[in-house]
Amino acid sequence: SRERSQVELPPEVLVNIFSYLNPRDLARCAQVCKTWNTLTMDGQLWKAIYPVQWAQGNWSFSAPDLEQEPEDFSEDRYVVIDDDADIDETYDSDSSHSSNDSYNENIKQLRQEARVLVSITKNLLPKVGKSVETLSVAHSKAITNGLLSKMLKHCPNVQHLDVKQTNVSDTAFKRLGKDGCGSKLKTLILSGCANITDYTLIKLSQALSGGLEAVWTEEFCCQNNKSDDKDIYQEKYDCHAQVPPPCGEYEDHAEVPSMQDDDEKLSCDSIDGSTTVLPHQYIDFDSFESQLQRTFTMLELGGVPQVEGQVMSTCQNCPHQTGNVGSIENCSRLLTEERQIAVEKPQFDVIDVKKTLEYLDLSGCCMVTDVGLRALASNHGLPRLRHLDLSGCSNLSGQALTSLVDTCHALNVEELYYCDNLLDGPYPEEASGCQNLECSNRFCCRSGK
Ligand code: FES
């Protein structure tokens, strides 16, 4: 009867029938024969991926209906898995937990979750990833930077990405902006991801801008140059200078500065211990910011920016240090009268981007700073954003937040959340305050958690 059904039913009818099945039944059908295997891998059947709820036995293509958030997670409830889904044995064999039934139950659940995550990443997403619109690994204790990075690689067109309450860090998002990855994001939930820093926001900005690097806003350039005559910069020059890429991006540029051994820094990939990170891929955000600051200081003094061990570009006017953009002729910021005359039209002033992001939740991402917000505000900001949650982000200034919010023309002010201690933030009366005051698992400067 199996053979007859293949013969009698055209493929589109079979796919239509398959569309009524849940993911587990689809996976079973995929094992029937080659034809069914091919048909069940039709992209339109796999638009939403929920590995965590599938691992818990909830085989549905609909979002989990969480009446309340899962219990607080603690560090010892994470597992370390490698690319082959092997769980760190030291965790598994910890004798202090061996008699604890709930601990054993957790281990079992974690193993199952790890298996589902790896299986989906290895076997399913390479075939259907381009059609995936929704990907949620929220509350996963088994997700690693490596796995999430691979998932994003296979799902470049994802529109709704939920990574809430996981232990991932910036490394997981290094693919954003490459080959269109993340360019269609409408929803990004990073709530409770305390390891996320400005790097991810810079990558997000690049992704939404179609791979373009973030550009500093005019206001930011002027502030960092500490110009006495700010109006000159604002009125005469469009000082959109390109941001130098973080250290982790140097491999993408032609003039790769040589990184010396003593430049090696702690990798952001600490969760996924199995991943090998080359020295030039290390991300050092302190160095990134200090390089920027040093460059601006040199500019103020009229000198050529220099950073140890790096070959600077010929451009003396913007903080772009790798030379892939620029020369003085192409630079939009000028320091001398001669250069003002030489260049009348800035090159980076018109960037046609269609940014799709509507919902951004960074609640509890306490390491995010103004640098990340400025990156989001660059390239015409986030015109479709209606929800912005920055609860727990206590390292922000009201100025930077205002410059971002000014670009968010669709923002619902009641859906703007930020730290109560930020006294000069935008819409002080209308905006909602910090949501983390009573929250036990997301950072808040008042609760101290
Ligand atoms: Fe400041 Fe919550 S982060 S009040």
Side-chain angles (χ1 to χ4, degrees), residues 66-75 78 138-139 161-170 172-173 187-205 217 219-220 223 268 271 285-286 288-289 357-377 381-382 385-408 411-449:
L66 290 178
E67 288 183 357
Q68 63 179 42
E69 292 199 346
E71 60 183 272
D72 298 351
F73 52 63
S74 55
E75 197 70 25
Y78 287 103
H139 300 286
L161 178 61
D162 190 350
V163 193
K164 176 170 45 191
Q165 295 290 156
T166 61
N167 211 18
V168 297
S169 64
D170 294 312
F173 299 96
T187 304
L188 178 59
I189 303 177
L190 295 172
S191 160
C193 299
N195 299 318
I196 294 298
T197 75
D198 296 322
Y199 176 77
T200 293
L201 301 189
I202 292 170
K203 297 297 291 182
L204 174 63
S205 176
T217 62
E219 185 186 14
F220 184 66
Q223 285 166 1
C268 291
I271 300 174
F285 298 102
D286 289 341
F288 171 46
E289 282 204 70
L357 196 66
E358 297 172 1
Y359 190 106
L360 180 59
D361 188 347
L362 297 170
S363 173
C365 299
C366 51
M367 288 199 277
V368 167
T369 71
D370 289 357
V371 173
L373 291 196
R374 303 279 185 196
L376 291 176
L382 303 171
L385 195 73
R386 58 173 175 76
H387 177 106
L388 177 60
D389 192 343
L390 293 166
S391 303
C393 302
S394 56
N395 288 319
L396 304 176
S397 72
Q399 246 181 344
L401 181 53
T402 302
S403 70
L404 172 61
V405 166
D406 284 347
T407 70
C408 305
L411 188 68
N412 180 353
V413 179
E414 291 176 357
E415 294 184 51
L416 171 63
Y417 306 89
Y418 62 85
C419 173
D420 293 347
N421 289 341
L422 201 62
L423 300 178
D424 57 344
Y427 304 107
E429 301 298 326
E430 300 93 330
S432 304
C434 177
Q435 301 297 292
N436 295 356
L437 289 169
E438 305 295 326
C439 180
S440 60
N441 54 15
R442 285 192 287 276
F443 179 82
C444 177
C445 66
R446 289 194 172 167
S447 69
K449 291 179 179 173

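Numbering of residues begins at 1 and proceeds along the displayed sequence. Atoms within each ligand, like the ligands themselves, are counted from 1 in listed order. Only heavy atoms go into these numbers, but all of them, side chains included; no hydrogens, no water, no symmetry mates. Owing to the predicted nature of the structure, the values given are computational and were not obtained by experimental measurement.
Counting non-hydrogen atoms of other residues, nucleotides and ligands closer than 6.0 Å to CD of Glu415 gives a total above 12.
Distance check, rounded to the nearest 0.5 Å: CG of Asp198 to CG of Asn395 gives 9.0 Å.
Of the options Leu190, Val368, Asn195, a side chain to side chain contact (heavy atoms under 4.5 Å, CB included) to Thr200 is made by Leu190 and by none of the others.
Within the coordination shell of atom 1 (Fe) of ligand 1, defined by N, O or S atoms under 2.8 Å, Cys434 is absent. Within the 2.8 Å limit, Cys419 places at least one N, O or S atom next to atom 1 (Fe) of ligand 1.
Heavy-atom proximity to Gly392, at under 4.0 Å, picks out these atoms of ligand 1: 3 (S).
The heavy atom nearest to atom 3 (S) of ligand 1, out of those in Cys445, Ser363, Gly433, is found in Cys445.
Proximity of a side-chain donor or acceptor of Glu438 to a complementary backbone N or O of Asn436 within less than 3.5 Å is not detected. In this structure, Ser394 contributes its side chain and Cys445 its backbone to no donor-acceptor pair below 3.5 Å.
Not a single heavy atom of Asn436 sits closer than 4.0 Å to an atom of ligand 1. Using a 4.0 angstrom heavy-atom cutoff, Ser391 does not count as in contact with ligand 1.
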